[in-house]
Amino acid sequence: MKKELPKVYEPQEVEGRVYEMWEKNGCFEGHRDPDKKPFTIVMPPPNVTGQLHMGHAMDSTLQDILIRFKRMEGYAALWVPGTDHAGIATQIKVEEELRKNEGLTRYDLGRDKFLERVWDWKHKYGDRIVQQQKKLGASCDWSRARFTMDEGLSNAVRHVFVSLYKKGLIYKGSRIINWCPHCVTALSDAEVEYKDKPGNLWHLKYPIKGEEGRYVIVATTRPETMMGDTGVAVNPNDDRYKDLIGKTCILPLMDREIPIVADEYVDMEFGTGCVKMTPAHDPNDFEVGLRHNLESIRVLDDEGKVNANGGKYEGMDRYEARKAVVADLEALGLLEKVEPHAHNVGTCYRCGTDVEPIISAQWFVKMGPLAEEALRVVNDGEVKFVPDRFSKTYTNWMENVHDWCISRQLWWGHRIPAWTCEECGHITVSETDPTECEHCHSKHIKQEDDVLDTWFSSALWPFSTLGWPDENSEDYKYFYPTDVLVTGYDIIFFWVARMIFSACEHTGKPPFHTVFIHGLVRDDKGRKMSKSLGNGIDPLEIAEKYGADALRFNLVTGNSPGNDMRFYTERCEAMRNFANKIWNASRFLMMNLTIDKCELPEKLEMEDRWILSKLNSLIPEMTENMDKYELGVAAQKIYDFIWDSYCDWYIELTKARLQGDDEEAKVNAQKVLCYVLTQILKLLHPFMPFITEEIWQALPHVEVSGGHFDGEQAKQPHKSGDYLMLQKWPEHSVALDFPDEERAMEMIMDAIGAIRTRRSEMNVPPSKKAHVTVSTLHRDVFELGIPFLKRLGYASDVTITGVTDADQDTKGMVTVITHAARISIPLAELVDMEKEKARMEKELKKNQAELDKLDTKLNNPGFVNKAPANVVEAERERAVKLRELVTKLQGELSNM
């Protein structure tokens with residue numbers, strides 16, 4: 001039965017149906033196979049609150065390309081999907097809904113009732129991003145989808161916490177931590193983003209006790225914390241203050257006596273060389289305080305307001321208190337001066353609020369011992385970063401890592417499995433809920449209210465999703481360690497580092513051998529996409545308009561490992577045009593197809609050997625690019641081959657055979673066309689899965705009637721051979737290497753291209769044919785090429801000669817030269833040469849005048865030195881293009 005493709009490719013009609021076919025027939029499922037090597041990717045779990053954005057689309061596309069490629073290469077490929085419970089983001093979302101819809105807070109409901117609401121929200125909205133990923137073609141094994149608060153993953157979290165606690169690698173202590181007054185929770189160092197912000201340096205006078213009229217002048221960027229000052233530090237080598245060391249001064253506004261201590265931490269060159277010590281609100285002050293036994297007095301509460309320790313400023317917001325404190329000091333004559341001072345301010349990565357360093361009792365992971373093995377596996381090459389420069393980012397962070405604050409003041413998340421005895425104060429840590437204190441056996445024990453940092457559970461993701469800590473899990477034994485992690489450089493600290501040290505500690509193996517880093521997707525002006533700028537682009541809207549394949553191909557062809565890319569919507573239109581090009585070429589073949597089996601013929605013409613040899617060279621190149629994660633390079637190569645070699649050249653080269661009377665030649669052309677199409681569909685499939693699968697289903701080797709799967713057909717089981725996504729990745733074949741024929745065909749194609757270009761430049765229509773004379777040392781090649789030169793070079797006749805340039809009579813001829821031939825065309829017979837010459841002289845004069853004007857401008861120091869650099873550079877580029885055009889016109893006039 002003859003199969004035909006619809007006249008127009010409609011991705012909106014095809015993509016959902018094809019995806020349903022794949023999913024319902026188990027094409028995405030990863031199966032353990034002792035005869036195959038496993039290849040495993042775990043998806044960086046998007047937040048359960050997530051809405052698919054362009055960064056997700058990039059990340060998902062790159063992973064899908066890799067997993068489809070490895071699946072076709074014959075690996076037992078598994079891509080594990082899932083979502084993250086996103087502690088802070090989800091709790092805030094549910095609290096906002098509760099406050100907006102019911103006027104309630106979580107405290108009004110209580111912990112258990114509130115968590116019921118969060119679970120309800122998760123069940124209602126948590127699958128949204130999964131459905132969005134499917135629309136982009138993500139070929140995950142959805143039957144294995146995991147959630148960070150699944151029972152199995154939650155058990156793994158408890159197991160790890162207890163294990164680290166028993167090893168002394170988790171502890172509870174009062175230390176300076178990062179605190180977000182808006183999210184009302186502790187943050188780890190990795191969750192703080194530093195931004196340069198304008199500020200001031202206030203110089204404050206602290207009176208020396210017992211020395212009337214003498215002061216130490218401290219310079220501070222945070223006068224609102226001075227109520228918590230418990231000392232002033234100077235450098236012991238600073239001659240200005242040596243006599244003050246050991247004395248005390250009076251803390252203004254609080255009238256509290258505080259010591260003056262000597263510590264080498266103080267920078268003598270910064271400010272006044274005297275530093276106020278606020279151990280409860282600054283990590284450096286905290287360390288100095290420990291060395292000198294300074295008291296820690298916290299003066300800000302969890303919401304960033306002054307507490308009872310702040311005296312008359314109690315209840316004020318920290319920035320309101322700053323103004324009041326400065327005003328009062330000025331009124332007392334204790335404000336020496338104010339200097340503008342820009343400095344780095346830590347902000348919450350979630351909400352952007354300025355982070356407050358405060359002393360707080362929290363749970364920490366001791367990072368020193370864990371970092372050693374995590375550094376070794378990267379330094380020894382067991383884990384490689386692509387590109388390699390990011391390994392330096394990783395090692396630098398790990399070498400300077402601080403203990404990780406893992407407790408969060410939230411209700412949604414993995415509650416810390418620690419119970420404090422209300423009688424003896426002992427802390428019991430257990431994988432199962434205890435009923436009594438393990439020390440004194442009292443029944444009066446209370447579990448920690450805090451939950452664990454979301455990254456604590458996602459750090460276990462590569463192995464907890466595969467069944468660990470059950471080391472007898474068949475999935476864990478077969479699929480772990482995983483192979484590649486695909487992620488952005490912005491979460492190397494958040495997640496990549498934590499997965500590596502967690503895996504090394506708990507499984508004894510690195511979690512993956514490669515970390516494939518991609519950049520950010522920016523807007524067309526190079527700006528980061530954000531809600532505040534309003535420059536975000538919805539990938540689903542793009543996919544709906546242009547097709548998911550076009551979006552995917554745009555993302556990958558603009559991708560270079562580790563580098564940001566600019567997203568141009570116009571390029572999606574170009575990629576949609578590419579999809580249409582493939583569709584129309586396939587449709588052309590289908591309409592000319594009489595064979596029912598796709599196999600190469602025994603007899604091959606020169607053009608057949610050319611395309612097969614080109615394809616045969618492309619296959620190992622693309623395979624190597626894919627293995628090196630040069631996905632953008634591989635995509636560009638298959639694009640060029642399909643557009644230029646197959647569509648623009650080979651189809652045109654075979655049309656005479658397809659439309660001729662020689663039945664054998666016609667069938668042989670069909671066979672090669674069909675064979676090459678099946679191979680390029682395989683090579684293109686990881687990048688553009690939907691259109692390639694749809695075309696594949698219409699090809700004669702597929703044991704399905706018709707070129708489409710309707711709703712009912714999609715529900716029926718099919719053989720694995722029916723699906724392109726399960727076909728074998730093409731391999732290089734020595735039998736299809738035809739280097740001589742390839743070079744010969746390209747000599748002819750170069751000649752045809754040169755003839756067409758010159759005719760176009762001289763505005764000669766294809767209908768006007770001319771005699772073409774080819775002078776060449778490759779007479780045998782060009783003799784074979786005469787039919788092509790006639791049909792595609794618009795030649796009425798072709799003469800092949802081996803004469804030298806000196807013997808060639810070119811009078812009245814237009815000559816074009818390629819690397820293999822000199823081609824003469826009597827275009828004077830076809831065009832009014834004088835009229836054409838006048839037109840070109842006019843064009844030359846206009847462009848020469850413009851170039852002269854531009855050169856004068858660029859030779860003017862006033863313009864070059866004063867104009868913006870980008871303007872000058874743009875003008876220089878314009879001058880280069882004009883000069884090239886002028887040279888070209890001069891050459892053409894000379895030829896005429």
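Numbers here are sequence positions counted from 1. All values reported here derive from a predicted model rather than from experimental measurement.
One finds no salt bridge joining Arg318 and Asp354 here, because no Lys/Arg side-chain nitrogen approaches an Asp/Glu carboxylate oxygen to under 4.0 Å. Electrostatic pairing of Asp239 and Lys242 counts as a salt bridge here, judged by a charged N lying under 4.0 Å from a carboxylate O. Under a 4.0 Å N-O distance rule, the pair Arg214/Asp243 qualifies as a salt bridge.
Thr278 and Asp229 form a side-chain donor-acceptor contact under 3.5 Å, judged by distance and modelled atom types alone. Inspection of the Lys276 and Thr225 side chains reveals an N or O donor paired with an N or O acceptor under 3.5 Å.
Ring centers of Trp461 and Trp455: at least 6.0 Å apart, outside the cut-off.
The main-chain N or O of Arg498 is found under 3.5 Å from a side-chain atom of Ser502 such that the two form a donor-acceptor pair. Listed for the Arg322 side chain is no donor-acceptor partner under 3.5 Å among the backbone atoms of Arg222. A distance-only check finds no donor-acceptor pair linking the side chain of Trp202 to the backbone of Leu335 [under 3.5 Å]. In this structure a side-chain-to-backbone donor-acceptor pair under 3.5 Å is present from Asp564 to Leu520. Between the side chain of Asp403 and the backbone N or O of Met367 there is at least one donor-acceptor pair closer than 3.5 Å. Using modelled atom types, no side-chain atom of Asn47 and backbone atom of Thr49 make a donor-acceptor pair closer than 3.5 Å. A donor-acceptor pair under 3.5 Å is formed between the side chain of Asn535 and the backbone N or O of Lys528. Formation of a donor-acceptor pair under 3.5 Å by the Asn307 side chain with backbone atoms of Arg298 is found in this model. Checked by atom type and distance alone, the side chain of His426 never pairs as donor or acceptor with a backbone atom of Cys440 at under 3.5 Å. Remark: side-chain polar atoms of Ser457 are paired, donor with acceptor, to backbone N or O of Thr454 under 3.5 angstrom.
Residues Gln362 and Ser360 come closest through the heavy atom pair NE2-OG, 2.8 Å. Scanning all heavy atoms of the two residues, the minimum distance from Leu244 to Ile208 falls at CD2-CD1, 4.0 Å. Between Val192 and Gly346, the closest heavy-atom pair is CG1-CA, 3.6 Å.
Within a 6.0 Å radius of NE2 in His203, other residues, nucleotides and ligands contribute more than 12 heavy atoms. The environment of Lys113 atom NZ is sparse: at most 12 non-hydrogen atoms of other residues, nucleotides or ligands sit within 6.0 angstrom. When the shell of 6.0 Å around CD of Glu269 is examined, it contains 12 or fewer heavy atoms from other residues, nucleotides or ligands. A 6.0 Å sphere centred on NE2 of His343 holds more than 12 heavy atoms belonging to other residues, nucleotides or ligands. Dense packing is recorded around NZ of Lys205, with more than 12 heavy atoms of other residues, nucleotides or ligands lying under 6.0 Å away. Within 6.0 Å of the NZ atom in Lys209, the count of heavy atoms belonging to other residues, nucleotides or ligands does not exceed 12. In this structure, Glu422 places its CD atom where more than 12 heavy-atom neighbours from other residues, nucleotides or ligands lie under 6.0 Å away. His341 NE2: more than 12 foreign heavy atoms inside a 6.0 Å radius.
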inquiry  = Let's go through His414 and His85 carefully: what are the C-alpha distance in whole Å and the side-chain angles of both, what is the deciding distance for ring-ring contact (aromatic ring centres under 6.0 Å, His included) to 0.1 Å, and is it a yes or a no?
reply    = CA-CA 10 Å; His414 297 99; His85 65 278; 5.2 Å; yes

side-chain contact (heavy atoms from CB on, under 4.5 Å) assessment of Phe161 paired with Ile406 = CA-CA 10 Å; Phe161 187 94; Ile406 56 171; 4.0 Å; yes

request  = Might you work through the side-chain contact (heavy atoms from CB on, under 4.5 Å) test for His292 and Met277, ending with a clear yes or no?
outcome  = CA-CA 11 Å; His292 298 280; Met277 291 289 109; over 6 Å; no

inquiry  = One pair to check against side-chain contact (heavy atoms from CB on, under 4.5 Å): Tyr206 and Ile217. What are the steps and the verdict?
reply    = CA-CA 6 Å; Tyr206 286 19; Ile217 299 174; over 6 Å; no

Derivation and outcome, side-chain contact (heavy atoms from CB on, under 4.5 Å), residues Met227 and Val306 = CA-CA 9 Å; Met227 292 82 75; Val306 178; 4.2 Å; yes

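Atoms OG1 and CD, from Thr185 and Gln91 in turn, are 8.5 Å apart once rounded to the nearest 0.5 Å.
For the pair Lys93 and Tyr125, the cation-pi test (distance below 6.0 Å, angle within 45°) is failed.
For the pair Cys249/Ile258, a side-chain contact is recorded, criterion being any heavy-atom separation below 4.5 Å from C-beta on.
Ring-plane geometry between Phe501 and Trp404 is classed as perpendicular, the angle between the planes exceeding 60 degrees on a 0 to 90 degree scale with a lower cut at 30.
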